[in-house]
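Here the structure comes first, spelled out in structure tokens, and everything after it is commentary.
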Amino acid sequence: MPRPVLVHPAQEQQAVRGHGYFQYSKCTGQKKALCIGINYTGQKRQLRGCINDIRNVKRFLTAYRGYRDGDIVMLMDETTNPRQMPTRRNIIDAMRWLVKDAKPHDSLFFHYSGHGGQVPDHNGSETDGYDEVIYPVDYKTAGVILDDEMNRIMVKPLPTGCRLTAIFDSCHSGTALDLPYIYHADGRLQGIHVSDRARRLKGTSADVISFSGCRDDQTSADTVQRGVAVGAMSYAFVTSLSRNPVQSYQGLLRSVRDILRQYEQKAQLSSSHPIDTNLQFIL
């Protein structure tokens, strides 16, 4: 018999040995979102579903989760607006916009659908020896964006009790935001993927959650659903929460994995602090 979904933790602010204090967000403040979809049109390894993904996620956020059009930035390589192109510079500028002036109990949302990869870790922060990266549309000339950078830009500046929810629909994305705690589908802590030194450096009192399409050593599918090209993870996330808006963290992870079962990828849940996965997932 499934356990009931708990809406609020017993204590707002909590202390965890080896982590310090953190605070769950109530997600009652300002809502802002950044959605990035890159099909790499005209390049090798072109994708088809990434722009559809961010449009579907935006529709979901505005229709069901209280986000407003004016508070959602969309970057895509199907535009004539140079500031909307998902170049390395524009992506980093938009990440900074997302977290600028963040306050406790704000709810920030980051969605990336595009290519992901791994490069050797040169600062000793990764237990597997590799940094995870995302590929801007101009990566051949401007370079990739490391998980270290995304953590430094979007996680470290957040105040206590501010929520950042990240969705990565990309290959090798299991720990793309460098969050230390990873979970099994039954809610148990799977392990800590960063070194103790990195955990101290990257620790935060904010409430940061990431769902990613696969483990660090897996690829993530570009597929077709109902005749429309989509990323498998983006489709699974929106489909699960549209069917059942009230789910716990572990329930949502199980549901997304069930939808992805036909693909050779296993969705991952990671967090900036230990979470009670029986709590209701909120945005």
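Sequential numbering from 1 along the given sequence is applied to the chain's residues. Heavy atoms only: backbone and side chains are in, while hydrogens, waters and symmetry mates are out.
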inquiry  = Applying salt bridge (charged side-chain N to carboxylate O under 4.0 Å, His left out) as the test, list every pair that has at least one member in residues 29-54; sequence neighbours left out.
reply    = none
inquiry  = Checking Asp101 now: which residues fulfil side chain to side chain donor-acceptor pair (under 3.5 Å) with it, not counting sequence neighbours?
reply    = none
Salt-bridge criterion met for Asp138 and Arg88 (N-O under 4.0 Å) = no
task = May I ask you to decide if the ring planes of His111 and Phe109 are parallel, tilted or perpendicular, using 30° and 60° as cut-offs?
result = tilted
message = Please check this pair: side chain of Asp207 against backbone of Cys162, looking for a donor-acceptor N/O pair closer than 3.5 Å.
response = no
inquiry  = Which label fits Tyr112 and Phe110: parallel for a plane angle under 30°, tilted from 30 to 60°, or perpendicular past 60°?
reply    = parallel
message = So, using side chain to side chain contact (heavy atoms under 4.5 Å, CB included) as the criterion, who are the partners of Cys50 when residues are at least two apart?
response = Asn39, Leu47, Ser113
ask   = Under 6.0 Å between ring centres, would you say that holds for Tyr181 and His273?
value = no
Under 3.5 Å donor-acceptor, Ser248 side chain and Gly251 backbone = yes
ask   = Salt bridge or not for Arg83 and Asp93, using N-O below 4.0 Å?
value = yes
ask   = Between the side chain of Thr79 and the main-chain N/O of Met76, is any donor-acceptor distance below 3.5 Å?
value = no
ask   = For the side chain of His105 and the backbone of Lys26, is there at least one donor-acceptor N/O pair under 3.5 Å apart?
value = yes
key: With Leu252 via side chain to side chain contact (heavy atoms under 4.5 Å, CB included) - residues at least two apart   = Phe211, Phe237, Ser240, Leu241, Gln247, Val256, Phe281
note = Interatomic distance, CD1@Ile36 vs CD1@Ile134, rounded to 0.5 Å, equals 5.5 Å
Of all pairs that satisfy salt bridge (charged side-chain N to carboxylate O under 4.0 Å, His left out), the ones with a partner from residues 58-77, not counting sequence neighbours = Arg68-Asp71
request  = Measure from the side-chain N and O atoms of Gln218 to the backbone N and O of Lys266, and report whether any donor-acceptor pair falls under 3.5 Å.
outcome  = yes
inquiry  = Could you work out, with side chain to side chain contact (heavy atoms under 4.5 Å, CB included) as the rule, every residue matching Asp258, not counting sequence neighbours?
reply    = Arg261
inquiry  = So does Ala267 get a backbone contact from the side chain of Arg257, meaning a donor-acceptor N/O pair under 3.5 Å?
reply    = yes
ask   = Where the side chain of Gln225 meets the backbone of Thr223, is there a donor-acceptor pair that is under 3.5 Å apart?
value = no
inquiry  = Are Met154 and Trp97 linked, directly or through intermediate hydrophobic residues, by side-chain heavy-atom contacts shorter than 4.5 Å (ILVMFWY only)?
reply    = yes
